[in-house]
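One structure is given here, and the rest of the page talks about it.
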Amino acid sequence: MNSSKAIVGRPASLCREFYARPAIELAPALIGTILVHRIRGREYRARLVETEAYVGQHDLACHASKGRTKRTAVMFGPPGFAYVYLIYGMYDMFNIVAAAEGDAQAVLVRAAEPLDGWKADLSGPGKLCRALRIGRAENGLDLTGEKLFLRPPGGEKSRIVRTPRVGVDYSGDWKHELLRFYDADSNAVSKPRRADAQPI
DNA sequence: GCGTCGATGGCA
DNA sequence: GCCATCGACGCG
């Protein structure tokens with residue numbers, strides 16, 4: 001066994017540099033990582049199994065394509081921060097800011113598997129936020145802190161596949177881009193699973 | 001099992 | 001007037 005765990009005081013969490021890369025690279029790298037949310041004396045943990053990359057201002061499905069606004073400001077900031085927004089009047093969406101400051105890219109977290117025997121349905125971005133208590137109050141939160149953060153994958157490497165993103169039919173040619181990633185062996189992936197999913 | 005539809009509010 | 005959604009409903 002690796003003895004470093006006994007030496008280091010607390011388990012490693014992902015650092016700023018991990019997030020400082022293009023969303024198309026970060027999105028698959030996040031599959032298998034452990035999301036931790038410490039809130040009101042409790043700790044919610046879940047293993048990420050589905051993500052989507054939103055790759056910048058030229059991406060017509062990316063909120064940043066409308067330019068810098070009050071809502072999208074966080075995406076234009078440095079990587080490793082939470083971008084949380086309200087959709088359809090009732091669901092919050094949790095995104096992780098990627099790439100360098102000024103380059104508005106982000107990764108949407110779409111699904112996860114609850115850990116520690118926690119029974120929860122995290123198979124969809126709205127359901128995931130509700131169950132993990134992630135809302136607009138967490139918008140702009142630094143994910144390298146101790147309240148909401150990620151830990152490196154444990155165990156075996158995931159078999160990742162890619163498909164078009166969900167719910168972006170309005171975005172012209174961008175709707176065809178294979179920017180959704182998921183763990184092909186997880187049963188917590190949100191509904192449109194696809195038979196034509198491509199190996200990564 | 002599928003398609004359709006309404007809820008609901010911030011934003012441009 | 002849109003939405004990076006979800007769950008309820010009606011079908012047969």
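Each chain gets a letter, A, B and so on, in the order the sequences are listed, and its residues count up from 1.
- Between the P atom of C:dT5 and the CZ atom of A:Arg180 lies a distance of 11 Å, rounded to the nearest Å.
- A:Leu108 places its CG atom 11 Å from the C1' atom of C:dT5, with the value rounded to the nearest Å.
- Checked by atom type, the side-chain pair A:Arg194/A:Thr163 shows no donor-acceptor distance below 3.5 Å.
- Residue ring and base: A:Tyr85 does not count as stacked with B:dG10 (centre distance below 5.5 Å and interplanar angle below 30° not both satisfied).
- For the pair A:Lys175 and A:Asp169, the salt-bridge criterion is not met [side-chain N within less than 4.0 Å of a carboxylate O].
- When the P atom is compared between C:dC9 and B:dT8, the two are found 14 Å apart, to the nearest whole Å.
- Between C:dG7 and B:dG10, the two C1' atoms lie 22 Å apart (nearest whole Å).
- Across B:dG10, C:dA4, C:dT5, the shortest atom-to-atom separation from the side chain of A:Arg136 is found for B:dG10.
- Side-chain atoms of A:Tyr19 and A:Glu17 include no donor-acceptor pair closer than 3.5 Å.
- Ionic pairing of A:Arg159 and A:Asp183 is not present here: no N-O contact between side-chain nitrogen and carboxylate oxygen is shorter than 4.0 angstrom.
- A close approach under 4.0 Å does occur between a side-chain nitrogen or oxygen of A:Thr69 and OP1 or OP2 of B:dA12.
- The pair A:Arg165-A:Glu177 fails the salt-bridge criterion, with no side-chain N (NZ, NE, NH1 or NH2) lying under 4.0 Å from an Asp/Glu carboxylate O.
- Here C:dA4 presents its P atom at 12 Å from CG of A:Leu60, a figure rounded to the nearest Å.
- When the side-chain nitrogen and oxygen atoms of A:Arg130 are compared with OP1 and OP2 of C:dG7, one or more of them lie within a distance under 4.0 Å.
- When rounded to the nearest whole Å, the span between CZ of A:Arg68 and C1' of B:dC11 equals 17 Å.
- Taking atom OH on A:Tyr170 and atom C1' on B:dC11, their separation rounds to 13 Å, with Å as the unit.
- Between A:Tyr91 and B:dT8 there is no side-chain N or O to OP1 or OP2 distance below 4.0 Å.
- When the side-chain nitrogen and oxygen atoms of A:Lys175 are compared with OP1 and OP2 of C:dA4, none of them lie within a distance under 4.0 Å.
- Rounded to whole Å, atom P of C:dC3 lies 15 Å from atom CG of A:Leu86.
- Salt-bridge annotation for A:Asp92 and A:Arg130: absent, with no side-chain N of the basic residue lying under 4.0 Å from a carboxylate O of the acidic one.
- Between A:Lys66 and A:Gly89, the one whose closest nucleotide on DNA chain B sits nearer the 5' end is A:Gly89.
- Defined by atom type and a distance below 3.5 Å, a donor-acceptor pair is missing between the side-chain atoms of A:Ser65 and A:Gln57.
- Aromatic ring pairs are classed by plane angle as parallel below 30°, tilted from 30° to 60° and perpendicular above 60°; the pair A:His37 and A:Tyr44 is tilted.
- The distance between atom CG of A:Leu128 and atom C1' of C:dC6, rounded to the nearest whole Å, is 14 Å.
- If you check every strand for non-hydrogen atoms under 4.0 Å, A:Met93 touches sugar and phosphate atoms only.
- DNA chain C contains the following stems of three or more consecutive Watson-Crick or G-U pairs, with both distances under 3.5 Å: B:1-7 with C:5-11, B:9-11 with C:1-3.
- Distance A:Glu52 CD to C:dC3 P: 15 Å, rounded to the nearest Å.
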